[in-house]
Amino acid sequence: MKRAIIIGATSGIGEEVAKLLVQQGWHIGIAGRREEALEKLQATAPGQIVIQRLDVTDPDAPTLLETFIRKLGGMDLFFLSSGIGSQNPDLKPEIELNTTRTNVEGFTRMVTSAFNYFKTRGEGHIAAISSIAGTKGLGIAPAYSATKRFQNTYIEALAQLSRMQHLNIHFTDIRPGFVATDLLKSGKFPMLMQANQVAKSIVRALNRKERVIVIDGRYRVVVFFWRMIPRWLWERLPIKN
């Protein structure tokens with residue numbers, strides 16, 4: 001029996017991934033801040049889904065995760081879909097700090113907890129949704145793009161640490177472009193993808209234990225050209241919100 005815990009499963013990509021894993025026969029634990037949303041999803045497959053209210057910014061979240069893992073009966077896959085982001089060209093400090101609190105502090109809190117669990121167990125799979133925004137510093141969303149770069153680098157570092165310690169822990173860094181979720185409800189975005197289609201690509205990558213996945217092909221082209229732009233030119237590009 002395969003078991004997964006999904007953090008951030010109350011809506012969007014996390015919810016859609018949870019549905020697909022249930023269809024594949026996984027037993028899953030879903031966690032997030034909105035308990036009503038968790039209960040609604042649990043009702044679709046009560047024999048396969050357990051729930052836990054959890055906020056990644058809460059210092060007690062690792063303890064709740066440990067309890068949740070025992071409740072599920074173990075964990076083979078840890079999937080982190082929790083994150084926030086906003087355009088902030090006015091550089092309001094509260095927006096920047098709230099973003100780092102979730103995407104850096106909360107991310108680190110949960111991923112290290114999962115790593116240490118799998119270290120004790122001897123094997124496992126850690127997957128997290130970052131973003132193509134981590135490719136370059138985006139002036140319209142400084143904290144968001146910086147925190148996504150942090151996530152990319154942190155996963156890379158843990159993958160190396162796992163090999164240094166001779167652990168059988170797999171990592172999947174999921175980097176989507178713009179997805180129609182609550183995260184992007186405040187504006188219009190090009191090449192917008194639907195969460196259910198993105199989830200299908202993610203689950204396929206999870207089954208293959210792919211290391212890094214950029215979703216979708218259009219965004220792979222975008223990222224390719226972004227990386228070719230020299231710093232002096234990037235900083236002068238008229239990117240607008």
side-chain hydrogen bond (donor to acceptor under 3.5 Å, both in side chains) pairs, two or more places apart, involving residues 107-117: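 Listed once each, the pairs are E105-R109.
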Identify, with sequence neighbours excluded, every residue that meets salt bridge (Lys or Arg N to Asp or Glu O under 4.0 Å) alongside [X].
X    : answer
R121 : D76
R70  : none
E235 : none

Heavy-atom closest contact ([X] atom, [Y] atom, distance):
X    : Y    : value
I155 : F107 : CG1-CZ, 3.9 Å
N152 : G134 : OD1-CA, 3.8 Å
K119 : I169 : N-CD1, 4.1 Å
L237 : I229 : CD1-CD1, 4.1 Å
L158 : V111 : CD1-CG1, 3.3 Å
L65  : A114 : CD2-N, 4.4 Å

Side chain to side chain contact (heavy atoms under 4.5 Å, CB included) filter on T10, not counting sequence neighbours, yields R34, A37, L38
Is it the case that atom [atom1] in [X] sees more than 12 heavy atoms from other parts of the structure closer than 6.0 Å?
X    : atom1 : value
K2   : NZ    : yes
K71  : NZ    : yes
R33  : CZ    : no
E39  : CD    : yes
E36  : CD    : no
K136 : NZ    : yes

Quick one: does [X]'s side chain have a donor or acceptor within less than 3.5 Å of a partner on [Y]'s backbone?
X    : Y    : value
T135 : I132 : yes
Q48  : W26  : yes
D55  : T57  : yes

Would you compute the distance between atom [atom1] of [X] and atom [atom2] of [Y] and round it to the nearest 0.5 angstrom?
X    : Y    : atom1 : atom2 : result
R208 : H170 : CZ    : NE2   : 15.5 Å
M75  : E66  : CE    : CD    : 10.0 Å
I7   : F78  : CD1   : CZ    : 4.5 Å
D90  : I140 : CG    : CD1   : 12.0 Å

List the residues meeting side-chain hydrogen bond (donor to acceptor under 3.5 Å, both in side chains) with [X], not counting sequence neighbours, and say none if there are none.
X    : answer
H125 : T172
N98  : R101
E96  : N88

Assigning hydrophobic clusters by single linkage (Ile, Leu, Val, Met, Phe, Trp, Tyr; side-chain heavy-atom cutoff under 4.5 Å), is [X] placed with [Y]?
X    : Y    : result
I84  : V56  : no
I126 : L206 : no
V203 : L77  : yes
V198 : F79  : yes
I6   : L64  : no

Within a strict 4.5 Å, meaning less than it, do heavy atoms of the [X] and [Y] side chains meet?
X    : Y    : result
I5   : Q52  : no
I129 : P176 : yes
I215 : I202 : yes
N103 : Y144 : yes
L138 : W234 : yes
F118 : N168 : no

The remaining residues in the hydrophobic cluster of V221, counting side-chain heavy-atom contacts under 4.5 Å among Ile, Leu, Val, Met, Phe, Trp and Tyr, are F224, F225, M228
Check your understanding: Among pairs that include at least one residue of residues 147-176, which meet salt bridge (charged side-chain N to carboxylate O under 4.0 Å, His left out), considering only residues two or more places apart or in two chains?
Key ->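 Only D173-R175 qualify under salt bridge (charged side-chain N to carboxylate O under 4.0 Å, His left out).
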Q: Evaluate the criterion side-chain contact (heavy atoms from CB on, under 4.5 Å) for residue pair T44 and I49; output intermediate values, then yes/no.
A: CA-CA 9 Å; T44 64; I49 300 176; 4.2 Å; yes
Review item, side-chain donor-acceptor pairs of residues 13-23, under 3.5 Å, at least two apart:
none

Sorted by chain and number, sequence neighbours left out, ring pair (Phe, Tyr, Trp, His ring centres under 6.0 Å) with F171 holds for none
Test side-chain contact (heavy atoms from CB on, under 4.5 Å) on M193 and Y219 and set out the steps. CA-CA 11 Å; M193 300 179 290; Y219 284 103; 3.8 Å; yes
